[in-house]
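Step one of this worksheet: look at the structure below.
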Amino acid sequence: MSAWLPTAPCTPQLCAPRADALRRGVFAASARLLAGLVVVIVGILLVAPVALLGAGRRDRLTRGWTRTVIRAFGLRIRTAGALPAPASGTQVSTGLLPETPGGVLVVANHISWLDIPLVATLFPGRVLAKSDIRRWPVLGTVAARGGTLFVERDRLRALPDTVRDVSDALRAGSRVIVFPEGSTWCGRDQGRFTAAMFQAALDAGVPVRPVRIGYRPLGPAAFVGDDPLAVSLWRIVLARGLTAEIEVLPAIPAARHTDRRSLARAAQTAVASDSANRPASSVHQCLNSIPAPASSVRTRS
């Protein structure tokens with residue numbers, strides 16, 4: 001792992017749910033796991049035909065599918081903030097804002113693999129992901145066909161090309177979803193937003209839409225450190241009463257900022273929770289009464 005890559009103090013051992021967390025029985029959890037995997041597989045099989053549809057229909061189907069995935073794994077979804085209204089000529093109710101036409105850079109804090117479908121329930125778009133995913137069997141091909149943009153995290157020299165690809169997608173009118181922390185955090189704290197991808201918003205002249213993600217209770221959904229995906233899946237389906245929370249914050253016009261670092265700070269300030277203003281070790285120590293490790297074993301995009 002390169003020394004310049006972002007890291008987090010979170011580990012599965014430190015941030016896992018407590019023993020007194022509400023649990024489903026093994027049979028009920030297995031049923032949830034099977035249901036979630038079936039929905040995921042159906043979505044994978046439909047990627048090619050759905051890609052042929054118009055943008056409006058494709059977005060509606062993506063929103064419905066991602067919402068179904070999250071619910072199938074046993075989570076409730078709670079939304080708040082300036083929610084995007086459906087693209088129609090009907091009048092919207094209080095709390096819903098019509099979507100701005102054109103590209104937008106959607107940025108969010110990063111806790112779990114669930115963050116990607118959770119954001120897509122409101123903002124279907126092209127996700128920026130680590131290049132390793134492109135080489136995954138089956139899922140890598142599906143991700144590429146679905147418009148995923150890839151970043152080579154271990155090659156700093158490749159970063160300008162990635163920024164250019166993101167900027168081109170934004171200019172073409174795409175939503176691009178980025179997790180600027182560059183690593184998953186357990187939700188008790190948040191990392192610093194790296195500034196590179198905010199340059200793409202400045203170059204394309206598009207707004208940044210901050211989104212705040214959370215899960216209640218905190219532990220089961222966190223996908224941190226060296227946590228295997230299979231273990232994370234089982235922990236999620238075992239948890240009873242798990243809620244995914246997504247809050248859409250006011251858009252930040254890129255033109256109000258002269259450089260990417262200023263724009264990144266504005267987005268991070270919008271997304272940050274109260275705990276994000278304290279050092280990471282103090283947040284974890286007060287909850288677990290043991291020191292936080294220096295860093296996660298590996299980071300995720």
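All residue numbers refer to positions in the sequence shown, counting from 1.
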Next item on the list: Assess whether side-chain contact (heavy atoms from CB on, under 4.5 Å) is satisfied between T162 and L128, documenting all intermediate values.
Entry: CA-CA 9 Å; T162 304; L128 182 67; 3.8 Å; yes
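- Side-chain contact between R171 and D203 is present, with at least one heavy-atom pair separated by less than 4.5 Å.
- A donor-acceptor pair under 3.5 Å is formed between the side chain of S112 and the backbone N or O of A221.
- The backbone N or O of R23 sits less than 3.5 Å from a side-chain atom of R240, completing a donor-acceptor pair.
- One distance of note links CZ of F193 with CG of L263; it measures 11.0 Å at 0.5 Å rounding.
- Atom CZ of R212 is separated from atom CD of E247 by 4.5 Å, given to the nearest 0.5 angstrom.
- Between L238 and P220, every side-chain heavy-atom pair lies at or beyond the 4.5 Å cut-off.
- Under the 4.5 angstrom side-chain criterion for Ile, Leu, Val, Met, Phe, Trp and Tyr, the cluster partners of V42 are L34, V38, L46, V50, L53, L61.
- A pairwise comparison of heavy atoms in P210 and V271 identifies CB-CG2, 3.7 Å as the closest pair.
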Next item on the list: Would you check, one step at a time, whether the test side-chain contact (heavy atoms from CB on, under 4.5 Å) holds for L75 with I236?
Entry: CA-CA 8 Å; L75 287 82; I236 287 168; 3.6 Å; yes
Note to self: Could you go through T269 and R265, starting from their C-alpha distance and side-chain angles, then the distance that decides it, and tell me whether this counts as side-chain hydrogen bond (donor to acceptor under 3.5 Å, both in side chains)?
What the structure shows: CA-CA 6 Å; T269 299; R265 283 194 298 270; over 6 Å; no
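- D165 meets the side-chain hydrogen bond (donor to acceptor under 3.5 Å, both in side chains) test with no other residue; sequence neighbours excluded.
- Screening V208, V176, V178 against M197 for a side chain to side chain contact (heavy atoms under 4.5 Å, CB included) leaves a single residue, V178.
- Applying the 4.5 Å side-chain rule to ILVMFWY residues, one finds L45 in the same cluster as I41.
- Note that CZ of R67 and OG1 of T121 are 5.0 Å apart. Values are rounded to the nearest 0.5 Å.
- Listed for the R24 side chain is no donor-acceptor partner under 3.5 Å among the backbone atoms of A29.
- A donor atom on one side chain and an acceptor atom on the other are not found under 3.5 Å apart for R58 and T62.
- Taking every heavy atom of both residues into account, H257 and S262 meet most closely at ND1-OG, 2.8 Å.
- Interatomic distance, L242 CG to R32 CZ, rounded to the nearest 0.5 Å: 11.0 Å.
- Counting all heavy atoms, side chain and backbone alike, R126 lies closest to A169 at NH1-CB, 3.7 Å.
- By the 4.5 Å heavy-atom criterion applied to side chains, D115 and F223 are not counted as neighbours.
- Residues A254 and L202 share a closest heavy-atom pair of O-CD2, 3.4 Å.
- Interatomic distance, R78 CZ to L118 CG, rounded to the nearest 0.5 Å: 12.5 Å.
- By the criterion of side-chain heavy atoms lying less than 4.5 angstrom apart, applied directly or through intervening Ile, Leu, Val, Met, Phe, Trp or Tyr residues, W65 is not grouped with L52; the two fall into different hydrophobic clusters.
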Margin query: Would Y215 and E245 count as a side-chain contact (heavy atoms from CB on, under 4.5 Å) here? Give the steps.
Written below: CA-CA 6 Å; Y215 297 90; E245 301 175 341; over 6 Å; no
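- At distances below 3.5 Å, not a single donor-acceptor pair connects side-chain atoms of S167 with backbone N or O atoms of V163.
- Put simply, CD1 on I246 and CD1 on I77 are 9.0 Å apart, with the number rounded to the nearest 0.5 Å.
- The minimum heavy-atom distance between A204 and L170, with the atom names listed, is CB-CB, 3.8 Å.
- Residues V231 and L114 are members of separate hydrophobic clusters, defined by side-chain heavy-atom contacts under 4.5 angstrom among Ile, Leu, Val, Met, Phe, Trp and Tyr.
- Relative orientation of the F73 and W113 rings is perpendicular, given thresholds of 30° and 60° on the angle between their planes.
- In this structure, R209 contributes its side chain and L105 its backbone to no donor-acceptor pair below 3.5 Å.
- Taking every heavy atom of both residues into account, V39 and A72 meet most closely at CG2-CB, 4.0 Å.
- V40 places a side-chain heavy atom less than 4.5 Å from the side chain of V69.
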Margin query: Checking D59 against R175 for the side-chain contact (heavy atoms from CB on, under 4.5 Å) test, could you report, in this order, the C-alpha distance in whole Å, the side-chain angles of both residues, the deciding distance, and whether it holds?
Written below: CA-CA 11 Å; D59 281 0; R175 294 188 202 92; 3.3 Å; yes
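- F27 and W234 fall into different hydrophobic clusters, where Ile, Leu, Val, Met, Phe, Trp and Tyr side chains are chained together by heavy-atom contacts under 4.5 Å.
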